[in-house]
Amino acid sequence: MRAIVMREFGGPDVLRLEDAPEPAPRAGHALVEVALAGVNYADVHVRGDTYLAPVELPYTPGNEVVGTIDGRRVVGLTRGGGYAERALLHRRVTWDVPDAVSDEQAVALALQGNSAWHLLFTALRLTKGETVVVPAAAGGVGTLAVQLAARAGARVIGLAGSAAKRQLALDLGAHAVVDSTAEDLTERILDAAGGPVETALEMTGGATFARTLAAVAPRGRLAVYGFAGGELADVSTRELMERSLTVSGFWLPQLYGDRTALPTSMRALFDAVADGSLTTLTGTTYALGEAAQAHHDLAARTPTGKLALDVNR
C-alpha cells in the first residue's frame, strides 16, 4: 500500500511517499479504498508537532477521505491515516455519498463543511439578522461559512488577503469584505459592519485575534478554531468581563462521539449541495506523491477552495 509517511517533524519535505503496511483492523471500523484525501491546516500542524492531539511517529497525515467500502461511495473522518491508498474509517463518522454529490464536493464537506456548520450554529449560535466576521473567506472553511451564514440570514463580513479572494467572498454572498492583512483591521471591520459585530470567527491567532476581538460588540461571541499564523493568543479576562464577551474554542473531533451532531450537519450539507444552494470550491488536486507541494501551497496561503490528494495519480 502506498502512503505518505512522516518519520520526523519539520517542513513539507518530511512527507515521503512509501510502501506502508495495511491499516490494522479495529472494532467499529471499516477499510476504505481511498479516492481523494482532503488537505487541511490540521495536517500542517501535525507536521510541525503543534497539533492539539499528540502525534506519535511514524505517522500518516490526513483526517478526511472519500472512497469506497464494499462498492459504496462514502466520505468520512479519520484520526490520521488519510494520505494513503487505504484507510480505516469508524462507522460513526462515515456517510454514504448521495448520487447528486461528487467526490470533489464530498471531500470538502467532511471536515471543513462540518467545521463551518458547527462553528456558526453550535459554537456561535448564529441567528438571522446578526453580523458575523468570517476569516480566510476564500479558503476551505471560509467559503462554506460565508454561504451558510448568508443563507441563515446573517450579515457576513469576509476577511481575505488579496483583492481576488475578497471578490470571491463577495460572489459567494458576503455583504462586505476587508483586507485581513491591514494593520487597522479593527477599524476596517467596524467601518464595513457599521459598528461592532455580534459574532466573529477567528483562526489566525496573534495580533489578528486581538484586532478581531476588539471589533466584537458588548455581549458578543467569538469562536476560535485555529492559529494558522503560528502564534497563539492570550485573552484578558478583564476585557471579557468589561464587555461581557464570550470567547469559545472549537475542535471538530470533540463531536466525533456525538450520535446526532455530525449526522445532522452532514444531511444538511449534502442537501444544500444537491439542491445547488451551497457551492463547494474545488482548489488544486495533487497526486499522492505531491503532498509536500500541497502543504507548501497551503502554508503560503495562495490557494482558494478545497485542496485534495488524488491517490490514483
Side-chain angles (χ1 to χ4, degrees), residues 1-70 72-97 103-104 106-115 140 226 251-257 262 266 285-295 298-299 306-313:
M1 181 190 77
R2 294 186 309 154
I4 298 295
V5 180
M6 289 172 40
R7 300 192 179 278
E8 59 184 316
F9 296 113
D13 60 308
V14 306
L15 302 173
R16 300 184 180 94
L17 183 62
E18 299 182 7
D19 288 328
E22 292 282 340
R26 285 184 285 175
H29 291 72
L31 191 65
V32 59
E33 297 283 341
V34 179
L36 294 175
V39 178
N40 300 284
Y41 271 109
D43 306 334
V44 176
H45 284 302
V46 164
R47 198 192 71 223
D49 197 21
T50 58
Y51 192 50
L52 294 174
V55 176
E56 186 175 320
L57 298 173
Y59 182 86
T60 294
N63 294 307
E64 61 181 345
V65 298
V66 172
T68 56
I69 297 175
D70 298 329
R72 295 165 31 236
R73 201 161 55 98
V74 300
V75 61
L77 294 159
T78 73
R79 289 183 179 268
Y83 291 9
E85 292 179 314
R86 285 172 287 281
L88 285 176
L89 290 179
H90 195 286
R91 298 184 188 280
R92 188 173 290 175
V93 287
T94 303
W95 301 275
D96 288 342
V97 180
D103 287 359
E104 291 76 15
V107 78
L109 299 180
L111 194 149
Q112 292 177 329
N114 277 313
S115 292
W251 189 36
L252 188 66
Q254 293 292 350
L255 295 179
Y256 287 7
L262 293 180
M266 281 304 301
T285 299
Y286 304 80
L288 182 60
E290 296 172 335
Q293 185 61 50
H295 276 228
L298 184 61
K306 180 63 184 175
L307 303 187
L309 304 178
D310 182 344
V311 304
N312 295 312
R313 283 171 51 188

* Asked: What's the shortest heavy-atom distance between Leu31 and Ile69, and which atoms?
  -> O-CG1, 3.7 Å
* To do: Provide the closest heavy-atom pair for Ala35 versus Asp103 in the form atom of the first, atom of the second, distance.
  => CB-OD2, 4.1 Å
* **From CD (Gln293) to CG (Leu298), nearest 0.5 Å** => 11.5 Å
* Asked: Under the 3.5 angstrom rule, does the side chain of Gln254 hit a backbone N or O of Trp251 as a donor-acceptor pair?
  -> no
* To do: Apply side chain to side chain contact (heavy atoms under 4.5 Å, CB included) to His90 and Tyr256, showing your working.
  => CA-CA 9 Å; His90 195 286; Tyr256 287 7; over 6 Å; no
Return a table of donor-acceptor pairs under 3.5 angstrom between the side chains of residues 50-62 and protein atoms on other chains or two or more places apart.
residue : atom : partner : partner atom : Å
Thr50   : OG1  : His45   : O            : 3.3
Thr50   : OG1  : His45   : ND1          : 2.9
Thr60   : OG1  : Ile4    : O            : 2.9

* What salt bridge (Lys or Arg N to Asp or Glu O under 4.0 Å) pairs are there with at least one residue in residues 57-70, not counting sequence neighbours? -> Glu64-Lys306
* Show your working on side chain to side chain contact (heavy atoms under 4.5 Å, CB included) between Leu77 and Leu252 and close with a plain yes or no. => CA-CA 10 Å; Leu77 294 159; Leu252 188 66; 4.3 Å; yes
* With sequence neighbours left out, which residue pairs that include part of residues 81-97 fulfil the salt bridge (Lys or Arg N to Asp or Glu O under 4.0 Å) condition? -> Arg2-Glu85, Glu22-Arg86, Glu33-Arg86, Arg72-Asp96
* Asked: For the side chain to side chain contact (heavy atoms under 4.5 Å, CB included) test, which of Asn63, Val65, Asp43 pairs with Leu111?
  -> Asn63
* **Distance-minimising heavy-atom pair for Ala87 and Gly81** => CB-O, 3.5 Å
* Step by step, work out the side chain to side chain contact (heavy atoms under 4.5 Å, CB included) result for Val74 and Thr68. => CA-CA 6 Å; Val74 300; Thr68 56; over 6 Å; no
* Structure fact -> On a heavy-atom basis, the closest approach of Pro253 and Arg79 is O-NH2, 3.6 Å
* Contacts of Arg26 that satisfy salt bridge (Lys or Arg N to Asp or Glu O under 4.0 Å) - sequence neighbours left out -> none
* To do: Apply side chain to side chain contact (heavy atoms under 4.5 Å, CB included) to Asp310 and list each qualifying residue two or more places apart in sequence or on a separate chain.
  => Leu36, Thr285, Asn312, Arg313
* To do: Decide yes or no on side chain to side chain contact (heavy atoms under 4.5 Å, CB included) for Leu109 and Val75, but give the supporting numbers first.
  => CA-CA 9 Å; Leu109 299 180; Val75 61; over 6 Å; no
* Structure fact -> Applying side chain to side chain contact (heavy atoms under 4.5 Å, CB included) to Ala292 and not counting sequence neighbours gives Pro12
* Which pair of heavy atoms, one from Ala294 and one from Leu309, lies closest together, and at what distance? -> CB-CD2, 4.2 Å
* For Ala37 and Tyr83, which heavy atoms make the closest approach, and how far apart are they? -> CB-CD1, 4.2 Å
